[in-house]
Novice: 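Before anything else, here's the structure in question.
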Amino acid sequence: MKANNFFYPPGGILIWIIVLVELTTFGIALGALHYFEHFEEIIFSNGRSQLNTVLGSINTMVLLTSGFLIADSVKCFAQKDKSLKKLRWASLLGVVFVVIKLAEYYQKFTNGIGITTNTFYSFYFMLTGFHLVHVLFGLSLLFYFIIKHKKHQLAFDDLEAGAIFWHLCDLIWLLIFPFLYLKS
Amino acid sequence: MKNVYSWIILLLLSLLSIVLNNLQVAKYGIYLLFLLKFVLVAWHFMELKKAHIVWKITLFLIGISAYGLLFI
């Protein structure tokens with residue numbers, strides 16, 4: 001089946017429907033953030049200045065690198081190179097992302113900042129929290145693929161669809177990062 | 001374009017946006033850099049280039065709409 005068939009995009013139509021729905025959902029949430037910012041500009045500005053841009057930027061590069069490794073794993077698998085070393089490294093980077101994110105949360109909580117602190121932090125914890133849930137689900141998929149691969153039971157279609165979901169996590173982060181972390 | 005070149009470009013764009021953000025200049029330039037990264041990830045890593053034009057247009061519209069908010 002040709003990849004440019006509408007009903008058979010790379011990874012399958014189901015995962016692409018999920019991609020579009022998730023991006024739209026996060027887009028609407030970002031629209032709400034942007035709307036509320038007009039009424040509480042100082043709170044949002046102060047909130048952004050308190051975020052750790054260094055950790056956020058490191059996380060951006062971690063996810064981008066992980067995405068590259070996943071994309072290359074899929075390519076190698078399609079070309080019959082079944083070692084999937086890059087998949088393991090991508091999973092490790094995913095774990096690094098989670099650790100950094102939890103460290104950021106810990107920093108906030110120990111400073112008495114939580115989801116109810118103000119409107120900005122409500123958006124911050126909800127957006128990054130839902131994103132973290134997606135990353136954790138994506139990581140579980142990657143670990144599942146590694147296990148399946150060890151048993152020589154991994155199908156290309158499954159790997160491709162899982163890789164698309166992982167890239168979705170990347171796209172969502174690329175959307176929310178400038179809205180939350182960068183100075184307005 | 002090979003994935004490794006896309007990855008290098010993405011990292012360079014990330015570093016550039018960090019530098020620009022710390023200099024507090026070119027705010028809209030930073031937003032455009034993120035839109036560019038969004039397109040690169042979708043086009044090369046997600047193989048959107050191989051997908052039907054409807055998927056391409058839809059994904060780009062969503063990305064542009066979301067980033068467009070930053071310019072409002």
Novice: I'd like to know if the side chain of A/N118 reaches the main chain of A/F120, judged simply by a donor and an acceptor atom lying under 3.5 Å from each other, with no hydrogens or angles considered.
Specialist: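 Flag set: sc A/N118 to bb A/F120 pair under 3.5 Å.
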Novice: Non-hydrogen contacts under 4.5 angstrom with chain B: give the residues of residues 161-177 of chain A involved, or none if there are none.
Specialist: A/I164, A/H167, A/L168, A/D170, A/L171, A/L174, A/L175, A/F177
Novice: List the steps and the verdict of side-chain hydrogen bond (donor to acceptor under 3.5 Å, both in side chains) for B/S17 and B/Y31.
Specialist: CA-CA 8 Å; B/S17 35; B/Y31 299 155; over 6 Å; no
Novice: Could you tell me the separation between the OG1 atom of A/T53 and the CG atom of A/L51, rounded to the nearest 0.5 Å?
Specialist: 7.0 Å
Novice: Let's test your reading of the structure: which of B/G63, B/A66, B/A42 forms the most heavy-atom pairs below 4.5 Å with chain A?
Specialist: B/A66
Novice: Let's test your reading of the structure: which of B/L33, B/L48, B/I62 forms the most heavy-atom pairs below 4.5 Å with chain A?
Specialist: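 The candidate making the most pairs under 4.5 Å is B/I62.
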Novice: Drop me the distance from A/L159's CG to A/L87's CG, to the nearest 0.5 angstrom.
Specialist: 6.5 Å
Novice: What residues of residues 13-24 of chain A sit under 4.5 Å from chain B when only non-hydrogen atoms are counted?
Specialist: A/I13, A/W16, A/I17, A/V19, A/L20, A/L23, A/T24
Novice: Rounded to the nearest 0.5 Å, how far apart are CD1 of A/I100 and CG of A/L63?
Specialist: 9.5 Å
Novice: Give the minimum heavy-atom separation between A/F156 and A/A78, together with the two atoms involved.
Specialist: CE1-CB, 3.6 Å
Novice: Are A/Y124 and A/F44 close enough that their ring centres sit under 6.0 Å apart?
Specialist: no
Novice: Would you give the length of the straight line joining atom CG of A/L33 to atom CE of A/M126, rounded to the nearest 0.5 angstrom?
Specialist: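 These two atoms lie 10.0 Å from each other.
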Novice: Does NZ or CZ of B/K37 lie under 6.0 Å from the centre of the six-membered ring of B/F34, at an angle within 45° of the ring axis?
Specialist: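 Output yes; distance and angle both within limits.
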Novice: Find the one option among A/L69, A/D72, A/T65 whose heavy-atom pairs under 4.5 Å with chain B are most numerous.
Specialist: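 Of the options given, most contacts go to A/T65.
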Novice: What distance separates A/F97 CZ from A/L136 CG, expressed to the nearest 0.5 Å?
Specialist: 9.5 Å
Novice: When the ring planes of A/H38 and A/H34 are compared, do they come out parallel, tilted or perpendicular, using 30° and 60° as the limits?
Specialist: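 Rings of A/H38 and A/H34: perpendicular, over 60°.
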